[in-house]
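A short worksheet on the structure shown next.
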Amino acid sequence: MIPPHVHEVITTGVAHIGCVSSNLKPFHADTLGIICDAESDEVICCLNKNSSEAFLNHLVVGSRTSLFAAVITHESYNLKGHVTSIRDVNANEVAVCNKLTVGMIALYNEMGIPEELAARYWKRIPDLAISFLVDTIFSQTPGPDAGKQL
């Protein structure tokens, strides 16, 4: 089960999902929103196909994947598991992404980052959903517990 504090970070923070190629070269893609079912340990990462092309060239159902997510306080987690589906996003997932985008642009604005700069990342269209089942979670928050499995 994904703990509530981890759920909060992965659904409200900045994240990227990664995999490796057949020759173990790492690739990653930025997420535009994450939906998490804490009871079933399923995580759905919404991406933009165009900006994720290199990552997607090495991802198939069954691939091992790793999700890194963090919030501005530096609390961060790494979730690992196997990909269960790769599909188009649905309307609910787009709504989740849009809500996160509004919040992130507001946060960036508070930090003095202009919307047009934040938009380069956050206003990409989410059009692909990657689902995976989490089997391992690590704390990545700086400090004595960094790298420890939860």
Side-chain angles (χ1 to χ4, degrees), residues 2-38 40-142:
I2 298 171
H5 64 285
V6 174
H7 182 275
E8 180 71 18
V9 169
I10 68 174
T11 58
T12 63
V14 176
H16 62 262
I17 185 169
C19 68
V20 295
S21 66
S22 59
N23 64 353
L24 303 181
K25 182 178 177 185
F27 289 89
H28 81 276
D30 299 318
T31 65
L32 300 173
I34 295 175
I35 294 95
C36 176
D37 183 341
S40 71
D41 293 333
E42 179 184 40
V43 173
I44 302 167
C45 300
C46 300
L47 315 174
N48 173 269
K49 289 178 194 173
N50 288 337
S51 64
S52 304
E53 187 176 348
F55 167 74
L56 295 171
N57 288 338
H58 301 283
L59 191 75
V60 296
V61 171
S63 292
R64 190 96 176 122
T65 193
S66 174
L67 175 71
F68 173 82
V71 290
I72 198 164
T73 62
H74 298 295
E75 183 178 1
S76 53
Y77 300 96
N78 183 266
L79 292 78
K80 297 180 183 274
H82 286 90
V83 175
T84 56
S85 73
I86 302 170
R87 59 172 175 74
D88 292 337
V89 296
N90 63 37
N92 178 59
E93 293 159 347
V94 170
V96 167
C97 293
N98 290 342
K99 182 179 176 185
L100 182 62
T101 295
V102 168
M104 285 296 179
I105 288 178
L107 175 64
Y108 284 35
N109 188 43
E110 287 178 30
M111 295 186 297
I113 299 170
E115 183 172 342
E116 60 273 6
L117 187 58
R120 291 182 188 177
Y121 179 98
W122 289 104
K123 294 225 174 159
R124 288 182 261 163
I125 305 297
D127 54 7
L128 190 71
I130 309 292
S131 299
F132 74 98
L133 288 177
V134 176
D135 58 37
T136 314
I137 303 172
F138 295 92
S139 172
Q140 297 297 309
T141 305

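Basis for what follows: all heavy atoms, side chains included, without hydrogens, waters or symmetry-related copies.
- Residues V96 and I44 have side chains not in contact (no heavy-atom distance under 4.5 Å, counting atoms from C-beta outward).
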Next on the checklist: Run the side-chain contact (heavy atoms from CB on, under 4.5 Å) test on S76 and V9 for me, step by step, so that the C-alpha distance in whole Å, both residues' side-chain angles and the decisive distance to 0.1 Å come before the verdict.
Outcome noted: CA-CA 7 Å; S76 53; V9 169; 5.6 Å; no
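- The two residues H82 and G62 have their closest heavy-atom pair at CD2-O, 3.2 Å.
- Pairing each heavy atom of L59 with each of C19, the nearest pair is CD1-CB, 4.0 Å.
- Centroid-to-centroid, the aromatic rings of H28 and F55 stay 6.0 Å apart or farther.
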Checklist entry - So W122 and V14, side-chain contact (heavy atoms from CB on, under 4.5 Å) or not? Walk me through it. => result CA-CA 10 Å; W122 289 104; V14 176; 3.9 Å; yes
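- Looking at heavy atoms from C-beta onward, M104 lies in side-chain contact with L107 at the 4.5 angstrom threshold.
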Item to check | Worked verdict on E75 versus E8 for side-chain contact (heavy atoms from CB on, under 4.5 Å) | outcome: CA-CA 10 Å; E75 183 178 1; E8 180 71 18; over 6 Å; no
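- Expressed to the nearest 0.5 Å, how far OG of S40 lies from CG of L133 amounts to 6.5 Å.
- Tested against L32 for a side-chain contact (heavy atoms from CB on, under 4.5 Å), the candidates N48, L47, D127 yield a single pass: N48.
- Enclosure of atom NZ in K49 by more than 12 non-hydrogen atoms of other residues, nucleotides or ligands within 6.0 angstrom is indicated.
- A donor-acceptor pair under 3.5 Å is absent between the side-chain atoms of S63 and the main chain of V83, judged by distance alone.
- Side-chain atoms of H58 and K25, non-hydrogen and from C-beta on, never get closer than 4.5 Å to each other.
- Between L128 and S52, the closest side-chain pair of non-hydrogen atoms is not below 4.5 Å.
- Counting all heavy atoms, side chain and backbone alike, A15 lies closest to L67 at CB-CD1, 4.0 Å.
- Residues passing the ring pair (Phe, Tyr, Trp, His ring centres under 6.0 Å) test with F138, sequence neighbours excluded: none.
- Here E93 pairs with R87 under the salt bridge (Lys or Arg N to Asp or Glu O under 4.0 Å) rule; sequence neighbours left out.
- The side-chain heavy atoms of C45 and T65, taken from C-beta on, include no pair separated by under 4.5 Å.
- In plain terms, the two heavy atoms of T11 and L100 that are nearest each other are O-CD1, 4.2 Å.
- Under the 4.5 Å side-chain criterion, counting only non-hydrogen atoms from C-beta, V43 is not in contact with I17.
- Atom OH of Y121 sits about 9.0 Å away from atom OG1 of T101, to the nearest 0.5 Å.
- More than 12 heavy atoms of other residues, nucleotides or ligands sit less than 6.0 Å from atom CG of L117.
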Next on the checklist: side-chain contact (heavy atoms from CB on, under 4.5 Å), that's the test. Do C46 and I35 meet it? Break it down for me.
Outcome noted: CA-CA 8 Å; C46 300; I35 294 95; 4.0 Å; yes
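- Contact annotation: the side chain of T31 never approaches that of I10 to less than 4.5 Å [non-hydrogen atoms, C-beta and beyond].
- Panel note: side chain S131, backbone T84; no donor-acceptor pair is recorded below 3.5 Å.
- Side-chain contact between N50 and R124: absent, with no pair of heavy atoms (C-beta onward) separated by less than 4.5 Å.
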